[in-house]
Number of protein chains: 2
Amino acid sequence: MTQPAAHRRASIADVARAAGVSVGTVSNVLNRPERVLPGTRERVEAAIDELSFVRNGSARQLRAGTITTVGAIVLDIANPFFTDVARGIEERLDRDDFTLMVASSDDKPDREQRYLRLFEEHGVQGVMVVPATDDIEHLLAVRRRGTGVVLLDRPSSDPSISSVAVDDVRGGELAARHLLDEGHTRIAFLNGPHTIRQCADRYEGVVKELVAAGLDPATALVEITVSSLNAEGGEAAIRGLLESGDRPTAVFCVNDLVALGVLRTLRTENIAVPADVAVVGYDDVAFAAELSTPLTSVRQPTHEIGVRAADLLLDGPDAAAEHVMFQPTLVVRGSSSAVG
Amino acid sequence: MTQPAAHRRASIADVARAAGVSVGTVSNVLNRPERVLPGTRERVEAAIDELSFVRNGSARQLRAGTITTVGAIVLDIANPFFTDVARGIEERLDRDDFTLMVASSDDKPDREQRYLRLFEEHGVQGVMVVPATDDIEHLLAVRRRGTGVVLLDRPSSDPSISSVAVDDVRGGELAARHLLDEGHTRIAFLNGPHTIRQCADRYEGVVKELVAAGLDPATALVEITVSSLNAEGGEAAIRGLLESGDRPTAVFCVNDLVALGVLRTLRTENIAVPADVAVVGYDDVAFAAELSTPLTSVRQPTHEIGVRAADLLLDGPDAAAEHVMFQPTLVVRGSSSAVG
DNA sequence: GCTACATTATGAACCGTTTCATGGCGCAGG
DNA sequence: CCTGCGCCATGAAACGGTTCATAATGTAGC
């Protein structure tokens, strides 16, 4: 009945007092109940209920040092690609009774830093990061200080940091090759900033393929940087392109959300897909196949990316860094091909 | 140059020693730099860099007691509805320099409990929860112990806990009313378990509307509980329904992901939508309008839900609990109506 | 030269756990 | 009866920060 002082949470000492035992015993009840006589244990448990005691995680961790949580920092929590990866991570972590906390950097380096620091300061076992910048020096520093780091969805430029990625250059090639095969010679690429490695790599792949086909990227390719990597960004970019007058015959979008915005806009503007403009997306999210014009997209093994990343992190900080690279595949549908 | 012992992170004491000052001074440099002479400050900062010191968040928090982080526990991190809400939360938190950690309960009460405990033990300012069960006694307990709690997407049955919800009974009514207006008299409702309040409420709304129209729910309505609240769940459920032989003329899905699975399956099976079977979803996610058969759906103000919830949490633990209830709207499209 | 006061730096107390050396106690074996 | 051992419970040290009363030093005013 008698609660401890107005706003202070009950501590282990309060419980000990209430149960008439020492703090050590309460701690034992909490952590190694088998070492405590059943009678004593019950008294302590009663006191815990009575005071509705909740362990102070900070104190616990301060002393014990470790915690079975890992953090994930993704670019955009509203992008199904990243959340599918997150589900893969969760599935793997669950097996080892680890927990996952997800944070979203919103492509912003300072937000990424902030969450990174937060995770590190709180002593998580490790962090999986989709970096918002090309420079990963800050991640190396975290790694050096003993926190596990796995790069998500982008290859590591450093041998000491593990990564699970998909070959984005190849992805760009696949998309470009397909559009070339369909007869397009003027392609717009609605891309994100090149500071995001995936964007730079996909661009590189596209250019490579154009050059291989004997085209001059300077004329055959127009790259537009979207304001945000989602449907709104796609919509704004395609509108700009349409208003500019010289409309390309094909649009390659850096992800399916951007493609969604493009398709939406083209439909509103009564521009036929793929007849007037072909559209290719990236990620092959769940709804891509069900759109009014089913979306051609570059598929990545999302779930598997998450699982492997968690694998690597759980291998522990002393395991040798590994660099997993998956290959993307192209899924052709109606948005880019009459046959699709 | 001389790093501290092999695997121990540098502590404030190490920094103090290296800089030739006391620990108190280091702490001041960290927290109130203006109180430290520039010269001293620089020496300390140099030592911090040198030792690549990172504050121990647990120790800091143990003493300081507070932390500017809030947690969110949603049912499914891969559901755009929840991540849109999360973005709303983030946007609001950002203004007050709070950070958000998201966890996914996967509809599982024990996972919800686990994350809840994790958040509470680590002393977050508050938690926003989409409860996986009808019983929220455990949330009340958290609240009583001084951690802020806001119910997300479901009304609070308790006056002491704030909530930001959308009228789900009304949502069910809107969907049912619409299908009745379209002439359907045998409706399948692919629903989640009634332990999830939203599911129970939407069911109630459907039944209400059927009764109001003079129909007997026992014959006019068949409720099927999906195995999971996503496309796979929807697919499995509709397959079961098709195989059972007596196919209803309309399917109402508890969310748009389930509806996506249904649409996908119906297309594969060459069943015309809405001619053979009408489909209505819930949430009006971004892609709903762009599907091959644009999806009729009950729209909820996702972003606004997140913003308001964060508002309430940031009001502090002593503010009076508030119960915000938004009204859903029906967006009619081609999946349920020829005119849509 | 002395006092009053402002500015900086100090170091010990404290936060709430876990851990571990220590001690009390009962019991079996000799 | 004594020894040795196993079982429980104890209480203090330790984790790494923050905070605060206090000390040291410098400066201004009289």
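Protein chains get the first letters and strands the later ones, always in sequence-line order, with residue 1 at the start of each. These numbers come from a predicted model, not from an experiment.
- Side-chain atoms of A/Arg60 and base atoms of C/dT17 include no donor and acceptor less than 3.5 Å apart.
- Between D/dT19, C/dT18, D/dG16, one nucleotide has an atom nearer to the side chain of A/Leu62 than all others, and that is D/dG16.
- Residue B/Arg63 places a side-chain atom within donor-acceptor reach of the base of C/dC14, judged by atom type and a 3.5 Å distance cut-off alone.
- Between A/Glu137 and A/Arg144, at least one side-chain nitrogen of the basic residue sits less than 4.0 Å from a carboxylate oxygen of the acidic one, meeting the salt-bridge criterion.
- Of the charged side-chain nitrogens involved, at least one lies within less than 4.0 Å of a carboxylate oxygen, so that B/Arg92 and B/Asp96 count as a salt-bridged pair.
- One can place CD of B/Gln61 at 14 Å from P of D/dG17, the figure rounded to the nearest angstrom.
- Comparing D/dT10, C/dT10, D/dG17 against the side chain of B/Asn28 picks out C/dT10 as the nearest.
- Here D/dC8 presents its C1' atom at 7 Å from CG of A/Leu37, a figure rounded to the nearest Å.
- In terms of phosphate contacts, A/Asn56 brings no side-chain nitrogen or oxygen within less than 4.0 Å of OP1 or OP2 of C/dT17.
- The minimum heavy-atom distance linking B/His323 with B/Ile161 is given by the pair CE1-O, 3.0 Å.
- B/Val26 comes within 4.0 angstrom of nothing in the nucleic acid, heavy atoms only.
- Under 3.5 Å, the side chains of A/Gln61 and A/His122 contain no donor-acceptor pair of N or O atoms.
- Taking the side chain as every heavy atom from C-beta outward, A/Thr69 and A/Thr99 approach each other to under 4.5 Å.
- Among the heavy atoms of the strands lying under 4.0 Å from A/Ser11 are primed sugar atoms or P, OP1, OP2 only; no base atom is included.
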Inset, instruction - Using Watson-Crick or G-U wobble pairs with both distances under 3.5 Å, give me DNA chain C in dot-bracket, 5' to 3', with [ ] for crossers and | for pairs to another strand. - result: ||||||||||||||||||||||||||||||
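- Within 4.0 Å of B/Arg32, counting heavy atoms only, lie sugar-phosphate atoms of the nucleic acid but no base atom.
- Phosphate proximity of C/dT18 to A/Arg55: present, with a side-chain N or O under 4.0 Å from OP1 or OP2.
- A donor atom on one side chain and an acceptor atom on the other are not found under 3.5 Å apart for A/Thr133 and A/Thr195.
- The side chain of A/Thr25 lies closest to D/dT10, out of C/dT17, D/dC8, D/dT10.
- For B/Arg87 and B/Asp84, the salt-bridge test fails: no basic side-chain N is under 4.0 Å from an acidic carboxylate O.
- Listed candidates were D/dG17, D/dA9, D/dT18. Nearest to the side chain of A/Thr40 is D/dA9.
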